[in-house]
Amino acid sequence: MADTVREIERKYEADDDTQLPDLAGTGRVATVVEQGVEVLDALYYDTADQRLAADGITLRRRTGGKDAGWHLKLPVAPGVRDEVRAPLSDTPPADLTALVRSRVLDQELVPLVRLRTRRTVRLLQDAAGAPLAEVAEDTVRARRAGEAGEAGESGEGSAEARWREIEVELIEDGGGDAELLDEIGRALAAAGARPASSASKLARALAETGLERARPDKGRTKGSGKGAGKGAGKAGRTAGDVVLRYVREQVRVIIELDPAVRRDLPDSVHQMRVATRRLRSAFRSYTKVLDRAVTEPIGIELKWLAAELGVDRDREVLTERLRAGLAELPRTLRLGPVAARLRIWSERRRAGSRGRLLAVLDGPRYLSLLKTLHALLEAPPLRKAATRPAPEVVAQAVLKDYRRLARRMETALDTPAGQARDEALHGARKAAKRTRYAAEAARPALGRPAKKFARWTKRVQQLLGDHQDSVVARGALRELATQAQQAGEGGFTFGLLYGREEARAADRERELPGVWKKVSRRKNRAALRP
């Protein structure tokens, strides 16, 4: 099993004659302890077209130093990365390659650059001797990997590069913070060091050995630009610009959250599922911009992925709802081992779900979907309307989804209470979500009116969502009560929770007409029209 370390650091370029200042007395630094010299030898891997480097990810095999092994560095925020480690082996470990699958797809990972580093390490401590940060002075030599590269026979520029840099890294779980990094940075600047122009050693090595690849401009679409339609909306935007911006963002979220889902990070499954739903919704709302013949099959696969992601997520949400309801009851009304019964019920439902999700992410169907999404961004299936001014096209799409929502709301509100109404309200919830997502996508073209409309539609969606969650919770409570009775425990408490959920759903139904009235005001829809 791979280990993970949160790396918070800053890098500085230094000339050969730059002297590291005495950092004792800088901020809370009381003492500087020499840690000796390390000789590090690292081979960096990527695809031939450098897909990892394009996203600021590094994968290396390093010998020497106290953390020899395989290291995968995933960006978290500027200056912050998660370093996932695995033991030394001859080939990239499966634990790490799985975490980059959404980027590399089925491309081979090959060695690109070799870095040899002579590192002098100093530990910064506070007055109590607690570690704060580590300062490393590095002299780096970079060469292209492979016989041709090392001989300088391929690519442009020199096949070898040399530089000196200084890294300042906070000790994990130590007492250092961003303020300390700022103070050390000022001391280094006074000594002649400069903030690094490259985000990582690999980025600089690729640039200085002539291996760095030009990145295509993914911010523009066919039919965009100065000639893309007379009066092309805000800042000359076309409908294609606006819709593809939203599509790209959702694809990016899916790809970037893949490793987080595999690592079981908090809320990652939920956010990835939301992105799949937003993307599918965009395909269905903006059929005048994107060719439905291309997007509809992708939408089917996105629906499948959302369902797989939802297996464990739905269980978590439901369990938390039931636990919260149980916690609100006075102890005198919690009869029998109800908490234990709920825990057993939840764990049984979870059994195998984590393994199933990982199998999905490692499977051929998901890989095929990722390839399709990458291809979609490379060659967007734009229709003629994509070149038209964005406001008129996206406003029509939002209003079309609104009319669909209005029909479903009218049906639901006219349906007598009971199962039929529950189903009608659930259908209205789906329509509200689609309308909300369409309005969110339209914001760059329509501005504040779209933002306001999305906010009101979200309120309807939340009311309907809480109502649906109550319907599902009542089904689970019936199941729990039956199990408790069969075990001779009694089902009083679960019956009481059932009644509370029933009352909660009734409250949502009473609120709904008033909220819907605000959303359906004519002026809200009129504001969307360009």
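Basis for what follows: all heavy atoms, side chains included, without hydrogens, waters or symmetry-related copies. As the structure is a computational prediction, the values presented were derived from the model and not from experiment.
- Annotation for Thr287 and Arg383: closest pair O-NH1, 2.8 Å, computed over non-hydrogen atoms.
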task = Applying ring-ring contact (aromatic ring centres under 6.0 Å, His included), run through Trp70 and Tyr45 and close with a yes or a no.
result = CA-CA 10 Å; Trp70 285 91; Tyr45 283 70; 5.2 Å; yes

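- Arg81 is listed as a side-chain neighbour of Ser200, based on a closest heavy-atom distance under 4.5 Å.
- Checking side-chain atoms of His71 against main-chain N and O of Asp67 turns up a donor-acceptor pair under 3.5 Å.
- Residues Leu279 and Ile254 are in side-chain contact: their nearest non-hydrogen atoms beyond the backbone lie under 4.5 Å apart.
- The CG atom of Leu463 lies 6.0 Å from the CG atom of Leu512; values are rounded to the nearest 0.5 Å.
- Within the 4.5 Å cutoff, the side chain of His467 has heavy atoms near those of the Asp422 side chain.
- Leu528 CG to Gln396 CD: the interatomic distance, rounded to the nearest 0.5 Å, is 12.0 Å.
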task = List the steps, then state whether side-chain contact (heavy atoms from CB on, under 4.5 Å) holds for Gln250 with Arg252.
result = CA-CA 5 Å; Gln250 306 319 312; Arg252 181 191 64 79; over 6 Å; no

request  = Test salt bridge (charged side-chain N to carboxylate O under 4.0 Å, His left out) on Lys11 and Glu9 and set out the steps.
outcome  = CA-CA 7 Å; Lys11 295 178 179 289; Glu9 68 177 14; 3.3 Å; yes

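- Inter-residue side-chain proximity for Glu509 and Arg421 is flagged as met; some heavy-atom pair is nearer than 4.5 Å.
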task = Please report the C-alpha distance between Trp516 and Leu464 in whole Å, then the side-chain angles of each, then the deciding distance to 0.1 Å, and finally whether the side-chain contact (heavy atoms from CB on, under 4.5 Å) criterion is met.
result = CA-CA 11 Å; Trp516 174 244; Leu464 293 168; over 6 Å; no

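- Summarising the geometry of Leu382 relative to Gly240, their closest heavy-atom pair is CD2-CA, 4.5 Å, with the distance given to 0.1 Å.
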query = For Arg315 and Ser346, what are the C-alpha separation, side-chain angles and deciding distance, and is it a side chain to side chain donor-acceptor pair (under 3.5 Å)?
reply = CA-CA 7 Å; Arg315 180 202 59 82; Ser346 178; 2.7 Å; yes

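- With hydrogens and angles ignored, the 3.5 Å screen pairs a side-chain donor or acceptor of Arg101 with a backbone N or O of Leu361.
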message = Show, in sequence, the C-alpha distance, side-chain angles and deciding distance for Glu479 and Trp345, and conclude whether the side chain to side chain donor-acceptor pair (under 3.5 Å) test is met.
response = CA-CA 9 Å; Glu479 182 181 341; Trp345 174 86; 3.2 Å; yes

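- From Thr482, atom OG1 reaches atom CG of Leu480 across 8.5 Å, with rounding to the nearest 0.5 Å.
- Between the side chain of Asp46 and the backbone N or O of Ala53, at least one donor-acceptor pair lies under 3.5 Å.
- Using cut-offs of 30° and 60° for the angle between ring planes, the Phe453 and Tyr402 rings count as perpendicular.
- The environment of Lys458 atom NZ is sparse: at most 12 non-hydrogen atoms of other residues, nucleotides or ligands sit within 6.0 angstrom.
- With salt bridges taken as basic N to acidic carboxylate O contacts below 4.0 Å, none links Glu249 and Arg245.
- No donor-acceptor pair under 3.5 Å is formed between the side chain of Ser285 and the backbone N or O of Ala282.
- For Trp304 and Tyr366, the ring centers sit 6.0 Å or farther from each other.
- The one candidate from Val251, Val253, Asp258 that meets the side-chain contact (heavy atoms from CB on, under 4.5 Å) condition with Ile255 is Val251.
- When every heavy atom of Ala454 is checked against every heavy atom of Glu440, the shortest pair comes out as CB-CG, 4.0 Å.
- Between the side chain of Asp55 and the main chain of Ile57, no donor-acceptor pair closer than 3.5 Å is present.
- Side-chain contact check for Leu326 versus Val338: some heavy-atom pair is nearer than 4.5 Å.
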ask   = Do Gln271 and Asp267 pass the side chain to side chain donor-acceptor pair (under 3.5 Å) test, and can you show the C-alpha distance, the side-chain angles, and the key distance before you say yes or no?
value = CA-CA 6 Å; Gln271 293 301 328; Asp267 206 37; 2.9 Å; yes

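- Counting non-hydrogen atoms of other residues, nucleotides and ligands closer than 6.0 Å to CZ of Arg292 gives a total of 12 or fewer.
- Residue Arg365 qualifies as enclosed at atom CZ: its count of foreign heavy atoms under 6.0 Å is above 12.
- The closest side-chain donor-acceptor pair between Gln419 and Glu423 falls under 3.5 angstrom.
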key: side-chain contact (heavy atoms from CB on, under 4.5 Å) evaluation trace for Asp466 with Arg321   = CA-CA 10 Å; Asp466 195 34; Arg321 186 182 182 99; 2.9 Å; yes

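- Nearest heavy atoms, Leu180 versus Asp177: N-OD1, 2.9 Å.
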key: Arg429 vs Gln468, side chain to side chain donor-acceptor pair (under 3.5 Å): CA-CA, chis, key distance, verdict   = CA-CA 9 Å; Arg429 172 181 174 244; Gln468 176 62 17; over 6 Å; no

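- Between Asp401 and Arg284 no salt bridge is recorded (no basic side-chain N to carboxylate O distance below 4.0 Å).
- Taking CG of Leu132 as the start and CG of Leu170 as the end, the distance is 8.5 Å to the nearest 0.5 Å.
- Side-chain atoms of Thr319 never come within 3.5 Å of backbone atoms of Glu316 as a donor-acceptor pair (strictly under, hydrogens ignored).
- Heavy atoms from other residues, nucleotides or ligands lying under 6.0 Å from CH2 of Trp456 number 12 at most.
- Closest approach of Tyr286 to Ala397, counting heavy atoms only: CE2-CB, 3.4 Å.
- A distance-only check finds no donor-acceptor pair linking the side chain of Arg262 to the backbone of Leu358 [under 3.5 Å].
- Residues Leu405 and Thr457 meet the side-chain proximity criterion, which asks for heavy atoms closer than 4.5 Å.
- Atom OG of residue Ser102 and atom CG of residue Leu257 lie 9.0 Å apart, to the nearest 0.5 angstrom.
- At least one donor-acceptor pair under 3.5 Å links the side chain of Arg474 to the backbone N or O of Ser470.
- None of Glu172, Arg6, Lys73 except one satisfies the side-chain contact (heavy atoms from CB on, under 4.5 Å) rule with Glu83; the exception is Lys73.
- When all heavy atoms of Leu105 and Lys371 are compared, the closest pair comes out as CD1-CG, 3.9 Å.
- In this structure the side chain of Phe492 reaches within 4.5 angstrom of the side chain of Leu333, judged on heavy atoms.
- Sorted by first then second residue, the salt bridge (Lys or Arg N to Asp or Glu O under 4.0 Å) pairs that include residues 406-420, not counting sequence neighbours, number zero.
- Counting only distance, with no hydrogens or angles, the side chain of Thr238 and the backbone of Ala386 share a donor-acceptor pair below 3.5 Å.
- In this structure, Arg273 CZ and Glu308 CD are separated by 11.0 Å, a value rounded to the nearest 0.5 Å.
- Listed for the Arg334 side chain is a donor-acceptor partner under 3.5 Å among the backbone atoms of Leu329.
- Using a 4.5 Å heavy-atom cutoff, the side chains of Arg343 and Glu347 are in contact.
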